[in-house]
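Keep in mind the model is a prediction, meaning the values are calculated, not measured.
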Amino acid sequence: MALKLFDSLTREIRELKPSHPDGVLRFYNCGPTVYAPAHIGNFRTFVINDVLRRLLELEFPGKVKHVRNLTDVDDRTIGQSKKEGHPLGEITKKWTDLFHADCDALNCLRPHVEPTATGHIREQVDMIEVLMQKGNAYRAADGSVYFKINSFPDYGALSRIKERELKVTNSAFDADHKDDVGDFALWKAYKPEEDGDVHWPGPQGAAAGRPGWHIECSAMIKKHLGETIDLHTGGVDLLFPHHENEIAQSTCCNGTTFARHWYHSEHLLVDGTTMSKSKGNYYTLGDLVAKGYSPMAVRYALLAGHPRKQLNFTLDSLHAAESALKTLRSVYDEVCAKVTADSSEKTGSVGQMSVMALHDDLNTPGALGILFRDLKHIRDFPTPSEVRDFKRALFALGFDFSIPSSPSAVPTDVTSLAQKRWASKQSKDFATADALRKELAAAGWSMLDGKDGYKLEPLKK
RNA sequence: GGCGCGGUAGCCAAGUGGUAAGGCCGAGCUCUGCAAAAGCUCUAUGCGCCGGUUCAAUUCCGGCCCGCGCCUCCA
């Protein structure tokens, strides 16, 4: 079944397929700016893109090239570096490492290439020079270089900017050296008081400084994926101006189609509104893990809403995710114990149906629904083909149950309480056993009695 | 002001021109020293409101109400 996905440019659901003769699908996903821990809103986008990546792997095995950048030089990274008093590279490495750890915990496949902006200064300067030569960019009084949006007739096609009316009271834009309000920086001239020691030699005819934000993606895409890519993705907030600007730069520089398909995932809201530190609804993965939730449940919660709809994240939804995942995992364990999957039987099972929902514009909640709808059937009548497809659906959604759920470390005093209680129970001293159960609960643990032993589980906060 | 999205059971959330997937929570039952876990069963004559089109609308059209996002920091 064809893999269909909404295209933000044409605003219709279109089939996704490679266009290059080599059959490799070129996929670029705008990555994080590494100046702080990524929050779960960021991870919604990355998890959704991970499902997309997995689907592509299933659809075009071995023929997918996935690139996701790291923005490691911009106002925010430099600002953080100055604030902490550490070199830029040290700051960005710290947050890159955490980002990678979080991605791993969320079971996101690593992109094939993860280029950095600072690692591609030369490529960016080269593009800027071409744009200047072609008359699409100009040097401003201070030595910065701006892209001239009037030189690109299609400017605004993606975000329909021409249909918009910019807020008149907008004080945010920096018109200092621009010819036109809409022009954007390709290269920013060095300002010692703001930039510290962060600067590189500029393009021909421009001052030393650093690249503007948008050009990095254009340059890295050109280098790692070529002039025309098959799929470009990111969060909706990147639609304008970031992606609009990328299109302008790359198209003018290369003279050819930049991206054949655009996809944007919607925002995650928390408690019905956008996340922000001041509202106190700003969660990182670490925050949630500290509350006792598993990263896999976070992943589930992030996939529980349609990717192109805003999703309201709450602790309740995480709780629901945790419970649902538990059921999924137990069926997985049961079924794996009963059946060894092989591919000799015909398909058409539940797992297959679930993956098909994913093929239909990445309907993750639909896929989850189908999976649960017939979960009992898989559990009770697991045939090799059913099990194989079930596993395939779990792979596509990125739920890896082959890894045991991260057992929380049981404190030794809890262990000894549990051992005592088990002994009391075996000797039918139920009064003592009950008292010990209360003690365990006070320590935050629940003891689950089995036939031949017990399990300890932390109580949810 | 402009652009866009959404309003489906207590909560979350798919979906379709022919009469509502699924998850969570809750309830009942089975099991059980207790507590859980697990299993079984149940839970929207209804899809924001009002009109229209149609044999038939939650699904299409129009109007209205409410909520949210974006408009050059932003996944």
> Is it the case that A/Thr71 and A/Asn69 place a side-chain donor and acceptor less than 3.5 Å from each other?
Replying inline: yes
> With a 4.0 Å cut-off on heavy atoms, is A/Gly369 in touch with a base, just the backbone sugar-phosphate, or nothing at all?
Replying inline: base
>> Nearest 0.5 angstrom please: A/Leu303 CG to A/Asn363 CG, how far?
In response: 11.5 Å
>> Between B/U58 and B/U53, how far apart are the two P atoms, rounded to whole Å?
In response: 15 Å
> Looking across every strand, which nucleic acid part, if any, lies under 4.0 Å from A/Asp75 by heavy atom: base, sugar-phosphate, or nothing?
Replying inline: nothing
> With a non-hydrogen cut-off below 4.0 angstrom, is A/Thr314 in contact with a base, only sugar-phosphate, or nothing?
Replying inline: nothing
> Base, sugar-phosphate alone, or nothing: which one does A/Asp316 contact when heavy atoms must sit under 4.0 Å apart?
Replying inline: nothing
>> Tell me whether the side-chain N or O atoms of A/His267 pair up with the base of B/A75 as donor and acceptor below 3.5 Å, since no angle test is needed here.
In response: yes
> Can you check the A/Leu375 CG to B/G39 C1' distance for me, whole Å?
Replying inline: 13 Å
> Looking at the side chain of A/Asn42, which of B/A75, B/G33, B/G69 is the nearest nucleotide?
Replying inline: B/A75
> At under 4.0 Å between heavy atoms, what does A/Leu268 touch on the DNA or RNA strands: base, sugar-phosphate, or nothing?
Replying inline: base
> Under 4.0 angstrom, heavy atoms only, what part of the nucleic acid is A/His242 near: base, sugar-phosphate, or nothing?
Replying inline: nothing
> Any idea which of B/C34, B/A75, B/A36 is nearest the A/Leu448 side chain?
Replying inline: B/A36
> Which one, B/G23, B/C68, B/A75, comes nearest to the side chain of A/Gln310?
Replying inline: B/C68
> Does OP1 or OP2 of B/A14 have a side-chain N or O of A/Lys309 closer than 4.0 Å?
Replying inline: yes
> For A/Ser323 and A/Asp434, take the nucleotide of RNA chain B holding the closest heavy atom to each; which residue's nucleotide lies nearer the 5' end?
Replying inline: A/Ser323
> NA contact type, A/Thr273, heavy-atom cut-off 4.0 Å: base, sugar-phosphate, or nothing?
Replying inline: sugar-phosphate
> Is the ring centre of A/Phe430 under 5.5 Å from the base ring centre of B/G33, and are the two planes under 30° apart, so that they stack?
Replying inline: yes
>> From CG of A/Leu397 over to C1' of B/G23, roughly how many Å is that when rounded to an integer?
In response: 14 Å
> Which is it for A/Asp7 and A/Arg14 under the salt bridge (charged side-chain N to carboxylate O under 4.0 Å, His left out) test, yes or no, and what are the steps along the way?
Replying inline: CA-CA 7 Å; A/Asp7 178 6; A/Arg14 296 173 47 223; 2.5 Å; yes
> Closer to the 5' end of RNA chain B via nearest nucleotide, is it A/Ile40 or A/Asn245?
Replying inline: A/Asn245
> Between A/His112 and A/Arg53, does any side-chain donor sit less than 3.5 Å from a side-chain acceptor?
Replying inline: yes
> Of all the nucleotides listed (B/G69, B/C24, B/C34), which has the minimum atom distance to the side chain of A/Ala320?
Replying inline: B/C24
>> Classify A/Lys438 by what it touches in the nucleic acid, base, sugar-phosphate, or nothing, heavy-atom distance under 4.0 Å.
In response: nothing
> According to a strict under-4.0 Å criterion, is A/Arg379 in side-chain N/O contact with OP1 or OP2 of B/G39?
Replying inline: yes
>> Does A/Phe184 reach a base, just sugar-phosphate, or nothing at all? Heavy atoms under 4.0 Å.
In response: nothing
>> Whether the A/Glu114 and A/His100 side chains hold a donor-acceptor pair (N or O, under 3.5 Å, no angle test) is what I'd like checked.
In response: yes
>> With a cut-off of less than 4.0 Å, is there a side-chain N or O of A/Lys376 near OP1 or OP2 of B/U41?
In response: yes
> For the side chain of A/Leu238, counting heavy atoms from C-beta on, which of B/A75, B/G69, B/G23 is nearest?
Replying inline: B/A75
> Could you state the CZ-C1' distance from A/Arg160 to B/C70, rounded to the nearest angstrom?
Replying inline: 14 Å
> So, A/Tyr155 versus A/Asn150: side-chain donor-acceptor pair below 3.5 Å or not?
Replying inline: no
> Below 4.0 angstrom from OP1 or OP2 of B/G69, is there any side-chain N or O of A/Arg308?
Replying inline: no
> Any idea which of B/G23, B/G69, B/A75 is nearest the A/Thr274 side chain?
Replying inline: B/G69
> Given atom CG of A/Asn312 and atom C1' of B/G69, what is their separation to the nearest angstrom?
Replying inline: 13 Å
> NA contact type, A/Ser317, heavy-atom cut-off 4.0 Å: base, sugar-phosphate, or nothing?
Replying inline: nothing
> Rounded to the nearest 0.5 Å, how far apart are CG of A/Leu268 and CG of A/Asn42?
Replying inline: 9.5 Å
> Any donor-acceptor pair under 3.5 Å between the side chain of A/Asp74 and the base of B/C73?
Replying inline: no
>> Rounding to an integer number of Å, can you tell me how far A/His243 NE2 sits from B/A75 P?
In response: 10 Å
>> Heavy atoms only, 4.0 Å cut-off, all strands: where does A/Lys425 land among base, sugar-phosphate and nothing?
In response: base
> Can you find a donor-acceptor N/O pair under 3.5 angstrom joining the side chain of A/Arg437 to the base of B/C34?
Replying inline: yes
> Hey, does the side-chain of A/Asn363 have a donor or acceptor N/O within less than 3.5 Å of a partner on the base of B/G15?
Replying inline: no
>> Can you measure A/Leu368 atom CG to B/G15 atom C1' for me and round it to whole angstrom units?
In response: 15 Å
> Do A/Asp316 and A/Thr314 get their side chains close enough for a donor-acceptor pair, meaning under 3.5 Å?
Replying inline: no
> Which listed nucleotide (B/A75, B/A13, B/C24) is nearest to the side chain of A/Leu311?
Replying inline: B/A13
> When all nucleic acid strands are considered with a 4.0 Å heavy-atom cut-off, which category describes A/Gly41: base, sugar-phosphate, or nothing?
Replying inline: base
>> In whole Å, I'd like the distance from the CZ atom of A/Arg11 to the C1' atom of B/G4.
In response: 7 Å
